[in-house]
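Owing to the predicted nature of the structure, the values given are computational and were not obtained by experimental measurement. No hydrogens, no waters, no symmetry mates; every other heavy atom, side chains included, goes into these values.
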Amino acid sequence: MTSITPQFGGETAVMYQKLFEQHAQPGGPWKAIRDVVERVLGPKLEGEVLDIASGPGEPAVSTARLFPKVNVTCTDIAQDMVDKARVRGNGLQNIRFELVDAQDLSMFADNSFDVVTCCYGFMFCPDKQRAFTEVGRVLKPGGTLVTTYWRNVVIMKVSRAAMEAVLGAPPPTPDLNPNSLSEPGLVENYLTEAGFDAATYELSESEYPMALEEQQFARKAALLPVWQKLLEMDAQDKDKDVLELAMSAADKFFVEHGWINPDGSVTCPGNRFAMIVARVPN
């Protein structure tokens with residue numbers, strides 16, 4: 001089974017964690033997901049919640065902190081991410097941390113969880129159908145999945161411009177593609193094939209800006225989907241400075257699109273995401 005572990009370790013994990021904090025905004029996904037968890041679990045707010053592809057620990061940790069009677073299992077495929085999540089959840093008694101591939105939930109028995117949450121995770125699974133099917137298996141009868149995915153992560157336009165500057169031609173779609181589930185109806189098709197009840201689907205959309213801090217970090221953050229590829233190309237091509245070409249292209253994009261603020265920080269507007277709530281049959 002194909003794994004994406006190397007993409008989310010080391011320096012990439014550090015950059016991802018900084019971007020990750022953007023999702024805490026009022027219009028972002030973490031609060032939206034927690035609101036659904038609260039609604040689904042009802043007034044007693046008790047139950048078993050599995051968070052997959054948690055990255056540095058969200059929405060798992062904030063769910064455990066807000067709902068102390070809920071038992072939360074926080075998982076990710078990358079050990080760096082699991083370690084960061086464990087630090088984030090230090091002191092909480094109702095959460096555990098596990099190294100788990102979203103495509104293989106075999107460490108969990110059938111019918112184990114009341115709710116499964118996932119913030120921007122399924123889009124990076126090579127075998128998306130298997131990942132959705134595994135979620136359906138571990139949910140209890142009538143259990144709920146709530147997940148978010150990108151409709152349009154604007155930062156991808158920067159990555160594309162940088163790769164075009166390096167290659168001298170329009171680039172192929174990157175392996176790490178945040179927009180891989182953006183096609184309308186695609187997630188619903190995966191869910192229905194996985195055995196979810198189509199009559200229960202609830203779809204909503206929202207958007208928020210990403211504040212990318214100072215320009216040096218903004219360059220790397222904007223290039224995150226292709227960063228691994230750029231490093232490989234830079235190591236192989238001794239005739240040109242691949243990273244410098246990519247960084248310069250990112251700077252040009254920031255200027256042309258008016259993303260640079262008076263204080264030198266960079267803001268990427270209009271990142272739009274979808275959230276779907278789906279239930280398995282009773």
Side-chain angles (χ1 to χ4, degrees), residues 4 23 29-42 44-67 69-78 81-82 85 89 94-125 127-150 181 186-204 273-282:
I4 55 172
H23 309 327
W30 294 349
K31 183 180 185 302
I33 291 173
R34 291 193 305 264
D35 286 349
V36 173
V37 172
E38 183 174 16
R39 169 166 61 90
V40 168
L41 292 181
K44 291 185 177 181
L45 281 175
E46 298 176 348
E48 300 290 331
V49 172
L50 170 65
D51 189 40
I52 57 179
S54 305
E58 292 295 347
V61 171
S62 57
T63 298
R65 183 169 287 118
L66 284 171
F67 311 131
K69 294 182 181 179
V70 174
N71 295 315
V72 178
T73 301
C74 175
T75 68
D76 199 85
I77 192 173
M81 294 295 189
V82 176
N94 60 326
I95 189 169
R96 64 169 172 150
F97 303 90
E98 301 287 354
L99 185 67
V100 175
D101 185 340
Q103 301 164 119
D104 180 9
L105 305 181
S106 56
M107 73 175 296
F108 306 118
D110 295 1
N111 309 326
S112 293
F113 297 97
D114 299 286
V115 181
V116 173
T117 60
C118 181
C119 180
Y120 304 145
F122 289 111
M123 57 203 186
F124 295 130
C125 292
D127 190 342
K128 296 174 177 57
Q129 187 61 69
R130 177 168 179 164
F132 283 111
T133 300
E134 276 288 85
V135 169
R137 179 184 65 78
V138 301
L139 279 170
K140 296 176 182 179
T144 300
L145 167 67
V146 51
T147 186
T148 58
Y149 52 97
W150 289 112
L181 289 174
L186 182 58
V187 170
E188 291 91 330
N189 290 341
Y190 280 128
L191 289 168
T192 301
E193 182 66 22
F196 285 80
D197 181 356
T200 68
Y201 298 169
E202 303 172 30
L203 183 66
S204 58
F273 74 95
M275 181 176 73
I276 193 163
V277 181
R279 294 173 179 81
V280 293
N282 287 304

Once rounded to the nearest 0.5 Å, what's the spacing between atom [atom1] of [X] and atom [atom2] of [Y]?
X: K128; Y: L186; atom1: NZ; atom2: CG; result: 8.0 Å
X: N189; Y: L181; atom1: CG; atom2: CG; result: 11.0 Å
X: Q103; Y: I52; atom1: CD; atom2: CD1; result: 10.0 Å
X: C125; Y: I77; atom1: SG; atom2: CD1; result: 7.5 Å
X: T117; Y: W30; atom1: OG1; atom2: CH2; result: 12.0 Å

Could you walk me through whether Y149 and F122 pass the ring-ring contact (aromatic ring centres under 6.0 Å, His included) check?
-> CA-CA 8 Å; Y149 52 97; F122 289 111; 9.1 Å; no

Start with the C-alpha distance between E38 and L45, add both sets of side-chain angles, then the distance that settles side chain to side chain contact (heavy atoms under 4.5 Å, CB included), and finish with yes or no.
-> CA-CA 7 Å; E38 183 174 16; L45 281 175; 3.9 Å; yes

Should the ring pair H23 and Y120 be called parallel, tilted or perpendicular, given that the plane angle runs from 0 to 90° and is split at 30 and 60?
-> perpendicular

Mind listing the closest non-hydrogen atom pair of [X] and [Y] along with its distance?
X: C119; Y: I33; result: CB-CD1, 3.9 Å
X: V82; Y: E98; result: CG2-O, 3.7 Å
X: G195; Y: P281; result: O-CD, 3.2 Å
X: R130; Y: D127; result: N-OD1, 3.1 Å
X: V61; Y: A85; result: CG2-O, 4.0 Å
X: A64; Y: N94; result: O-ND2, 3.0 Å

Can I get a per-line list of side-chain donor-acceptor pairs under 3.5 Å for residues 136-144, giving both atom names and the distance, sequence neighbours left out?
| unit_1 | atom_1 | unit_2 | atom_2 | d |
| --- | --- | --- | --- | --- |
| R137 | NE | E134 | OE1 | 2.9 |
| R137 | NH1 | F108 | O | 3.0 |
| R137 | NH1 | D110 | OD1 | 2.7 |
| R137 | NH2 | L105 | O | 2.8 |
| R137 | NH2 | F108 | O | 3.3 |
| R137 | NH2 | E134 | OE2 | 3.3 |
| K140 | NZ | D114 | OD1 | 3.4 |
| K140 | NZ | D114 | OD2 | 3.4 |

Please test F67 against V37 for side chain to side chain contact (heavy atoms under 4.5 Å, CB included), starting from the C-alpha separation and ending with a verdict.
-> CA-CA 10 Å; F67 311 131; V37 172; 4.3 Å; yes

Does atom CD of E46 have more than 12 heavy-atom neighbours from other groups under 6.0 Å away?
-> yes

Does some side-chain heavy atom of [Y] sit less than 4.5 Å from a side-chain heavy atom of [X]?
X: F196; Y: I276; answer: no
X: V187; Y: F132; answer: yes
X: V135; Y: T147; answer: no

Does the side chain of [X] come under 3.5 Å of the side chain of [Y] through a donor N or O and an acceptor N or O?
X: R34; Y: T63; answer: no
X: S54; Y: D76; answer: no
X: T200; Y: D197; answer: no

Sequence-distant partners of F273, ring-ring contact (aromatic ring centres under 6.0 Å, His included), two or more places apart | Y208

Would you sort out whether M275 and V36 count as a side chain to side chain contact (heavy atoms under 4.5 Å, CB included), showing the intermediate values?
-> CA-CA 10 Å; M275 181 176 73; V36 173; 3.8 Å; yes

Between R39 and D35, is there a salt bridge with N-O shorter than 4.0 Å?
-> no

Is the backbone of A131 close enough, under 3.5 Å, to the side chain of Y190 for a donor and an acceptor to pair up by distance?
-> no

Report the C-alpha distance between L50 and T75 in whole Å, list the side-chain angles of each, state the deciding distance to 0.1 Å, and finish with yes or no for side chain to side chain contact (heavy atoms under 4.5 Å, CB included).
-> CA-CA 8 Å; L50 170 65; T75 68; 3.8 Å; yes

